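What follows is a short report on a single structure.
Not measured: the values here are computed from a predicted model.
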Amino acid sequence: MRKQMLFSALPFLLFTHVTAFAQLAGPNDSGISIGHIHLNSKDPDAQKRIWVEALGAQVTKTGTLEMLRLPGVFIIVNKMEPSAGSAGSTADHVGLSVKDLNDIKAKLAALNVQVQGPFAAMPDGLRLELLEDKTQTLPVVMHHIHLTTANGEKIRQWYVKTFGAEIGSRRDLPSAMFNGNEVDFLPANGPAPPAPTKGRAIDHIGFEVRNLEAFVKNLQAAGVMVESPYREMPNLNLKTAFIVDPIGTRIELTEGMRGK
């Protein structure tokens, strides 16, 4: 709760902090921050156009990998038709905080993106939540990743233990706080559990990790499911590994995105 209160009270300092760290928020005491969202798209150019023209993302690269940069997160779009949208998977949607909601809605409408309530229906079945905060200094910033699970408290504790997140809440639901950004946990409804993210519109979420090789060794020793071990990728100027959380959310761990 302490981190949530700090986020609400110090928006200017937070967003200045994000900008100073080349778009990613500063790492927590465990050396970790939310890093990126990796999307699958049958038409990456159409998806990217919306992020750039309506949401103000900037195109950048790390090595040969193109990324879209927003304050607090990178968006990576992979050319692959998703097996289904984000709703129905464990990663239900991504949330952005916007300074002027009407302005963003108008830009989205100009690109034929419908907005119903707080949600924008992006291409490929991607759900995007828009939260207005007129006090923020930047037009659009990263706010949250919303995961769906039958046991939000149990999964929050996994994120707290695994990534050193702070305990918080939003709308009386559990959250894991990462220096201004957060992972929120929605209760799952329906007879079947949410599907794993691999192959969906949100294929995986990403965390930037300081000293990644040692971090992955510690995860392996703790029994965390490692899908792809630590490796160095010189063509991308990145070090990476993949893990999977207890509900099937695919997570890429990176070292090297900060400063891109």
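For Asp103 and Lys107, the salt-bridge test passes: some basic side-chain N is under 4.0 Å from an acidic carboxylate O. One finds no salt bridge joining Asp203 and Lys198 here, because no Lys/Arg side-chain nitrogen approaches an Asp/Glu carboxylate oxygen to under 4.0 Å. Classification of Glu132 and Lys134 as a salt-bridged pair holds, one side-chain N sitting under 4.0 Å from a carboxylate O. For Arg200 and Glu81, the salt-bridge test fails: no basic side-chain N is under 4.0 Å from an acidic carboxylate O. With respect to Arg170 and Glu182, a salt bridge is recorded, a charged nitrogen being found less than 4.0 Å from a carboxylate O.
Each ring pair (Phe, Tyr, Trp, His ring centres under 6.0 Å) pair with one or both residues in residues 41-61, not counting sequence neighbours, would appear here, but there are none. Judged as a ring pair (Phe, Tyr, Trp, His ring centres under 6.0 Å), the pairs with a partner in residues 191-213 (not counting sequence neighbours) are, in order, His36-His204, His38-His204, Phe163-Phe207, Phe178-Phe207, His204-Phe242.
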Tabulate below the donor-acceptor pairs under 3.5 Å that side-chain atoms of residues 118-128 make, not counting sequence neighbours, or state none.
residue : atom : partner : partner atom : Å
Asp124  : OD1  : Lys42   : N            : 3.2
Asp124  : OD2  : Ser41   : OG           : 2.7
Asp124  : OD2  : Gln47   : NE2          : 3.0
Arg127  : NH1  : Asp92   : OD2          : 2.5

- Please step through side-chain hydrogen bond (donor to acceptor under 3.5 Å, both in side chains) for the pair Thr62 and Asn237, ending with a clear verdict. CA-CA 6 Å; Thr62 177; Asn237 297 325; 4.5 Å; no

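Lys239 meets the side-chain hydrogen bond (donor to acceptor under 3.5 Å, both in side chains) test with no other residue; sequence neighbours excluded. Under the rule for a side-chain hydrogen bond (donor to acceptor under 3.5 Å, both in side chains), Arg210 has no partner lying at least two apart in sequence or in another chain.
Distance alone, capped at 3.5 Å, is enough to place a donor-acceptor pair between the Ser89 side chain and the Ala91 backbone. Of the possible polar contacts, none joining the Arg258 side chain to the Val209 backbone as a donor-acceptor pair under 3.5 Å is found.
Closest non-hydrogen pair, Ala165 versus Asn28, comes out as N-ND2, 4.0 Å.
A single hydrophobic cluster is not seen to contain both Leu253 and Met225; linkage of ILVMFWY side chains at heavy-atom distances under 4.5 Å, directly or through other members, places them apart.
Through direct or relayed side-chain contacts under 4.5 Å between Ile, Leu, Val, Met, Phe, Trp and Tyr, Leu186 connects to Leu173.
For the residue pair Glu208 / Ser33, no side-chain donor-acceptor distance below 3.5 Å is found, with atom types taken as modelled.
Checked against the 6.0 Å centroid threshold, Tyr159 and Phe185 count as a close aromatic pair.
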